[in-house]
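In what follows, chains carry the letters A, B, and so on, assigned in the order in which the sequence lines appear, proteins first and then strands, with residues in each chain numbered from 1.
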Number of protein chains: 2
Amino acid sequence: MDARKLRYFAVLADERHFGRAAQKLSLSQPPLSYAIRQLETELGVKLFVRNSRNVRLTPAGVVLQREAQALLRRMDETEQLVKAVADGRDGQIRLGFGGSMLYRGLPAIVDEFRAQLPAVDLSLREMGSTDQIEALHRDEIDLGFVHVRTTPTGLDGFRYHAEPFVACLPATHRHAKARRISLSQLHRDDFVLFSRKRSPDYYESIIGSCLSAGFVPNVRHELAHWLSVVSCVANGLGVALVPRTLASSRLAGAVFCTIAEETIKSETWCVWKPKSLSNAAVAKSLALIKACAPVQRPARQRRARMTRGVRSPRDRALRRTS
Amino acid sequence: MDARKLRYFAVLADERHFGRAAQKLSLSQPPLSYAIRQLETELGVKLFVRNSRNVRLTPAGVVLQREAQALLRRMDETEQLVKAVADGRDGQIRLGFGGSMLYRGLPAIVDEFRAQLPAVDLSLREMGSTDQIEALHRDEIDLGFVHVRTTPTGLDGFRYHAEPFVACLPATHRHAKARRISLSQLHRDDFVLFSRKRSPDYYESIIGSCLSAGFVPNVRHELAHWLSVVSCVANGLGVALVPRTLASSRLAGAVFCTIAEETIKSETWCVWKPKSLSNAAVAKSLALIKACAPVQRPARQRRARMTRGVRSPRDRALRRTS
DNA sequence: CAGAATTGATACAAGATCTGTATCAATCGC
DNA sequence: GCGATTGATACAGATCTTGTATCAATTCTG
């Protein structure tokens, strides 16, 4: 019972006329008769009553007509689906990300997916950078947004976003009113840090910046979410260095000030397993994400504006919380 | 994308090894390679990554594997279904019947269907004899239980059941206490009859019996259900001749007595359109119904017992209502 | 590091299957 | 009864499928 005979059968069942059906199939009549007879033989079932004047379906034929139509339609759908998957219009993308990506364009990326690749089944998996890298190697996610300063070994990636750290102080802090602060001014404060385990690079960036400023920070707390860090600071439990994006979190009790020293930046990399690129859906997704990435302005220019006090809308938002 | 290649693909996708897959398909390896390559060409999609050391599925291949399995399974099911329909194990039977069949073995027939032809989709359609005959001709039902005295023209059938009429009188009737009554004793009573339109044969049987007894019955009411007839009599609106089965209806206010004269019997025929016999499910159903039919005792024997006053359990039930 | 073993790909020929042309037998309508 | 129409049949050519023999590439083993 192959597909060809099924198709012949379906058309004949619709037409109930060998000649017309053959014509519709771009076929001459004898092969059609031959094929149908063969189908009947291999099923051991009469499908048509040929009256040498008209053709009618047997009850079994009626059933097969219904089933054959469904089968052929499904076959067609399967073919379309496979083609769509092959060129990335359809498929599944499991996207790893840290919570802060919600402030760094993830919603826009999701919107783009809906617009450009509506058939792609996009599922988001929030997890730490370390977990994402492991998950990528295990093929548990397809793409990740991790906080590193270079491509992790065994993975490919590009820098999706970078921004400086800013100081996050309790509103009651002695320097809370300052617009700009030197790191060394915080050398005696308790520090709240992002979990070393979840994102080693962040941890080391911050420690490193402090060391450059000439002191060893007093690490008091380690939290697993950036909002928890800000919340902690807002409650007076210490100070923190946080990616500038966090300034838009609007948590009452916390203020943000730019840092005089050049700190290491908070970098977000989009990473994937090299082999994944053969998955067209991944390749298409990557192109989409690259198009969504914030413009990477040369670092020099941005620094100049900061030191001169020229503030972008984002900079202005910095002071709005208190 | 024919079924053969799909089957090859499915096995290869499971095995991930051309040699083993070919062996499993009772095939040598080159044809398998050829077929898979051909499938890939005609879809325009790479399905496997051949590493000359191992074979892996592409994302499109993974999707096709899932779909191919479903398609092949459904194809197989379709084949089984068509075969089952062809020999009557599966199918649809629409059974027409008058309400009184519920007292004449219809429940037993339904039970037998469940037991012997569980896959057959049996649906019951209550309708009058006339409607059934029309429905049979229009192929709206497959079998009918009608009240006629011979096979309707254009249909085949057999006598499923036959029983005498009994008189149904109000409990307050002057002859209510009689066990046996002559029809002529009712010549001045009002008669309640079963709807002439729904079952002309019943109507004519009853009128005919009265004429034989020497009087023209006084037809007062025509009702569409036998239970309504009995109910009408119970309320004192007249007398009726009803099939003996109705005696088991237990309606308060009605009594039943056998009739001295030999009345025409109430006959139930199982009928069908001759062409329907080519539907194996109909043929199987007919055999089943014949096996369920009450034993057709020769008429003479039954009459003898009636006139001698020997009562079967059914006869005894006759007097229980009042 | 060389050779054996295993993998899938290729070439080619034989066989099976499918299709078209020509023709036939049966039925229906006039 | 005759012509028109229907599906079946015969047969030949084209296409597709399969098997044998062989090859190139890679991996494992000694």
From [atom1] of [X] over to [atom2] of [N], roughly how many Å is that when rounded to an integer?
X	N	atom1	atom2	value
B:Glu42	D:dC16	CD	C1'	12 Å
A:Phe18	D:dT9	CZ	C1'	14 Å
B:Gln23	C:dG8	CD	P	12 Å
A:Leu25	C:dG20	CG	P	10 Å
B:Leu32	C:dA9	CG	C1'	12 Å
A:Phe48	D:dA8	CZ	C1'	15 Å
A:Arg56	C:dT27	CZ	P	15 Å
B:Arg37	D:dC16	CZ	P	17 Å

Subject >> From B:Arg7 atom CZ to B:Leu71 atom CG, the distance as rounded to the nearest 0.5 Å >> reply: 11.5 Å

Original post:
Counting any heavy atom closer than 4.0 Å, what does B:Leu27 reach on the DNA or RNA strands: base, sugar-phosphate only, or nothing?
Top reply: sugar-phosphate

OP1 or OP2 of [N] under 4.0 Å from side-chain N/O of [X]:
X	N	answer
A:Arg50	C:dA26	no
B:Arg4	D:dT18	yes
B:His17	C:dT6	no
A:Ser33	D:dG7	no

Original post:
Heavy-atom distance under 4.5 Å between the side chains of B:Glu204 and B:Arg149, does that happen here?
Top reply: yes

Subject >> Any A:Phe48 side-chain heavy atom under 4.5 Å of A:Arg56 side chain >> reply: no

Can you figure out which of [options] approaches the side chain of [X] most closely?
X	options	value
A:Gln38	D:dA8, C:dC18, C:dG8	C:dC18
A:Tyr8	C:dT10, C:dT19, D:dT18	C:dT19
A:Tyr34	D:dT9, D:dT17, C:dC18	C:dC18
A:Ser28	D:dA8, C:dC18, C:dG20	C:dG20

Original post:
Taking for each residue the nucleotide of DNA chain C bearing the nearest heavy atom, is the 5' side occupied by A:Asp2 or by B:Arg20?
Top reply: B:Arg20

Subject >> Pairwise 5' ranking along DNA chain D for B:Pro31 and A:Gln29, keeping only the more 5' one >> reply: A:Gln29

**OP:** Output, in order, the C-alpha distance, side-chain angles, deciding distance and verdict of salt bridge (charged side-chain N to carboxylate O under 4.0 Å, His left out) for A:Arg73 and A:Asp76.
**Re:** CA-CA 5 Å; A:Arg73 187 171 47 242; A:Asp76 210 54; over 6 Å; no

Original post:
Can you list the residues that meet the side chain to side chain donor-acceptor pair (under 3.5 Å) rule with A:Arg89, with sequence neighbours excluded?
Top reply: A:Asp87

